[in-house]
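Structure record follows, encoded as C-alpha cells.
Bear in mind that the values here come from a model prediction, so they are computed numbers and not experimental data.
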Amino acid sequence: MRRALMRDPIFLIVFTILMGLLVLSIGNTIFRDGQVDQFLNRYSEEGRLIGIPPLEPSKDQWLGTDRAGNDLFQMMIEGFKWTVGICATVALGRMALGLLVGIPLAFRGARLNRYFKMVLDGFLILPISLLAMMMLFSSLMFADSTMVPPLVDRVSLQLTVFILLGLPAVTLYLIIEVRQLLKQEFMVVAETLGGSVWHRTRRHLWPHLVPTLVIVFMQQFVQTLMLLIHLSLFGVFFGGTVFLFEGVMPTLFEWSSMFGYYFKQFTATTWMTSHIFLVPAIGLSLLVFLSNLLTSRLERAFRLRRQEAIVVDETVSQAEAAAASIADSFTLVHADGALQQGNQKRTDGISY
C-alpha cells in the first residue's frame, strides 16, 4: 500500500498541500506568537490615503483585509491548524471510543448486538447540528468579553460534545464491520484453534480493520468540518461567541468561525464587500474537496493492496497444484509455477 501511495501523484500533491499549510500555521504560532498583521489604512508612495478597511487584495495583502484591517491571508494561515486539529481530534476520539465499545460488543451474542443496534438506530435520525447548537448555545455565548472562561475549558466542552454526538453512528458501523470479519474463515479457524479474544483481535482482526479505520477517520474528519460550518451559521463559533455592539464575534481565527462571522457581513453590492466572505468560503470548499480526494486515493491504494494479495494467493495455489501433480518427489517447484529438476543429469527423453 505504501508503494502505491508513493507512486500516486495526486495523493502526493494533496498531502504536500495539506502538510505545507499545517507547517505554516504551526510556524506562525511558534515564531510570531500567532499574531496577524493589521492594516488600518493604505497609502500611496506619495503618502496620500488611497484606501481604508476592508482593503481589496493587492501585492501586499494577497487576500485583502476585513473591516478591522486584519490580513485575511495571515488569518487563514493561523486558523488552519485550529480547523484541522479540531476535526482530527474529534475523528480520533470517536474512533477510539467506538473501538473500545464496538469490539467487545461484536464478540458478544447476536441478541445483545440486536438490542444495542435498536438503541443506537434512534440516534442516527437525529440532526447532529441542531443537537450541538442546543447543547452549546447557552454555554458558549458571552455578553461580556471580560467574563469569558479559559480557552481550555471552552475547547474541552465543545470537543466532548462533538465526540459524543457522533459516537453512536461510528460505534454501530464498527460493530457491523467487526462482526463481518468474525465470520471469515481465518477468524473461525483462529477461534477453533483456541485463540483468545485478545490474540484474535491483535493478530488477525486488527490488520484487516486498519484500512476501514483510515477511511472512517477521513469521513469523520469531513463530517466534523461540516458540523463546524453549520454551527457557525447559527452564530455558535468554536471557542465561544462574544456579543459586541456591532454584532457577534468569534474568539479564535478558525476557518468555520470566520465563515459564519463574515457571512453575517455579506452583501452582494461590491467586490470589496463580498470578498471577505468568499475567502473562508473558498478555503473551506477546497479543504473538503482535498479531504475527499485524499480519501478516494487511500481507498484506491487499499483496493490495489487487496488485488495484489489475491494474485499472490492464486500464484501459491497454482504452485501447490503443480507440486501435487508431480510424480517425482525430488522435483523442485518455484512460486511462479516453473519446475526445476532435482537431478541435473537427467535428459529430456526420460519420462516421469
Side-chain angles (χ1 to χ4, degrees), residues 5 8 10-22 25 76-77 79-99 102 120 123-133 136 155 158-174 176-177 209-234 236-239 250 252-260 263 278-303:
L5 292 177
D8 189 350
I10 298 179
F11 173 82
L12 294 177
I13 293 174
V14 173
F15 184 79
T16 302
I17 292 175
L18 295 177
M19 291 304 299
L21 290 174
L22 186 60
S25 183
M76 295 293 289
I77 293 296
F80 183 78
K81 65 177 179 294
W82 284 104
T83 303
V84 173
I86 294 165
C87 297
T89 302
V90 173
L92 288 175
R94 291 176 179 177
M95 289 172 51
L97 294 179
L99 288 172
L120 293 184
F123 291 94
L124 301 181
I125 63 175
L126 298 176
I128 295 181
S129 300
L130 293 179
L131 288 177
M133 186 187 68
L136 298 173
V155 171
Q158 207 157 357
L159 290 178
T160 302
V161 171
F162 287 173
I163 291 174
L164 293 179
L165 288 178
L167 185 59
V170 175
T171 303
L172 184 59
Y173 179 78
L174 292 178
I176 295 175
E177 289 294 323
L209 267 182
V210 171
T212 301
L213 294 178
V214 173
I215 303 303
V216 171
F217 171 81
M218 296 303 302
Q219 292 173 347
Q220 294 300 311
F221 182 94
V222 176
Q223 185 189 62
T224 305
L225 182 59
M226 300 306 298
L227 177 60
L228 288 172
I229 295 174
H230 293 164
L231 290 178
S232 68
L233 293 176
F234 290 108
V236 182
F237 304 135
F238 187 85
L252 293 174
F253 291 128
E254 190 267 325
W255 282 20
S256 63
S257 299
M258 293 169 57
F259 174 80
F263 177 77
L278 293 177
V279 169
I282 295 175
L284 288 170
S285 301
L286 290 177
L287 181 57
V288 173
F289 171 74
L290 293 177
S291 300
N292 289 331
L293 186 59
L294 192 65
T295 304
S296 66
R297 307 315 291 182
L298 289 171
E299 291 177 344
R300 173 181 174 274
F302 288 129
R303 186 167 58 253

How long is the straight-line distance from [atom2] of [Y] back to [atom1] of [X], given to the nearest 0.5 Å?
X    : Y    : atom1 : atom2 : value
R300 : L5   : CZ    : CG    : 8.5 Å
I17  : L12  : CD1   : CG    : 11.0 Å
I13  : L18  : CD1   : CG    : 12.0 Å
I77  : F253 : CD1   : CZ    : 13.5 Å
Q219 : T295 : CD    : OG1   : 7.0 Å
L228 : F237 : CG    : CZ    : 12.0 Å

*asked:* Please enumerate all residues that pass ring-ring contact (aromatic ring centres under 6.0 Å, His included) together with F259, with sequence neighbours excluded.
replied: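 Result, ring-ring contact (aromatic ring centres under 6.0 Å, His included) vs F259: F277.
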*In chain order, what residues pass the ring-ring contact (aromatic ring centres under 6.0 Å, His included) check against F11, with sequence neighbours excluded?*
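Partners of F11 by the ring-ring contact (aromatic ring centres under 6.0 Å, His included) criterion, ordered by chain and then number, come out as F15.
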*Are L21 and M76 side-chain neighbours, meaning at least one heavy-atom pair lies under 4.5 Å?*
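Sidechains of M76 and L21: no contact.
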*Of all residues at least two apart in sequence or in a different chain, which pass the side-chain hydrogen bond (donor to acceptor under 3.5 Å, both in side chains) check with S129?*
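S129 satisfies side-chain hydrogen bond (donor to acceptor under 3.5 Å, both in side chains) with H230 once adjacent residues are dropped.
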Only counting residues at least two apart or in another chain, list the ones meeting side-chain contact (heavy atoms from CB on, under 4.5 Å) with [X].
X    : result
L286 : I282
F289 : L293
V161 : M135, L136, L157, L165

*Do other residues, nucleotides or ligands put more than 12 heavy atoms under 6.0 Å from F234 CZ?*
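At most 12 heavy atoms, drawn from other residues, nucleotides or ligands, come within 6.0 Å of this atom.
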Please table the atom pairs, donor to acceptor, closer than 3.5 Å between any side-chain atom in residues 79-96 and protein atoms at least two apart or in another chain.
{"residue": "K81", "atom": "NZ", "partner": "T29", "partner atom": "OG1", "Å": "2.6"}
{"residue": "K81", "atom": "NZ", "partner": "E78", "partner atom": "O", "Å": "3.0"}
{"residue": "K81", "atom": "NZ", "partner": "E78", "partner atom": "OE1", "Å": "3.2"}
{"residue": "K81", "atom": "NZ", "partner": "E78", "partner atom": "OE2", "Å": "2.6"}
{"residue": "T83", "atom": "OG1", "partner": "G79", "partner atom": "O", "Å": "3.2"}
{"residue": "T83", "atom": "OG1", "partner": "E254", "partner atom": "OE2", "Å": "3.0"}
{"residue": "T83", "atom": "OG1", "partner": "W255", "partner atom": "N", "Å": "3.1"}
{"residue": "T89", "atom": "OG1", "partner": "G85", "partner atom": "O", "Å": "2.7"}
{"residue": "R94", "atom": "NE", "partner": "F162", "partner atom": "O", "Å": "3.1"}
{"residue": "R94", "atom": "NH1", "partner": "Q220", "partner atom": "OE1", "Å": "2.6"}
{"residue": "R94", "atom": "NH1", "partner": "Q223", "partner atom": "OE1", "Å": "2.7"}
{"residue": "R94", "atom": "NH2", "partner": "F162", "partner atom": "O", "Å": "2.8"}

*Which pairs with one or both residues in residues 283-292 pass side chain to side chain donor-acceptor pair (under 3.5 Å), sequence neighbours excluded?*
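Qualifying pairs, neighbours excluded: none.
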*Within the side chain of S232, is there an N or O that forms a donor-acceptor pair under 3.5 Å with the backbone of S256?*
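Answer holds: yes.
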*Determine the minimum heavy-atom distance between L252 and G239, stating which atoms define it.*
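Nearest pair, atom of L252 first, then G239: CD1-CA, 4.3 Å.
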*List the atom of L231, the atom of M133, and the distance in Å for their closest heavy-atom pair.*
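Smallest interatomic distance, heavy atoms only, reads CD2-N, 3.7 Å.
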*Identify which one of I215, V214, V216 satisfies the side-chain contact (heavy atoms from CB on, under 4.5 Å) criterion when paired with T212.*
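It is V216; the other options fail the test.
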*Are R297 and V14 close enough, and set up right, to give a side-chain contact (heavy atoms from CB on, under 4.5 Å), and what steps lead you there?*
CA-CA 10 Å; R297 307 315 291 182; V14 173; over 6 Å; no
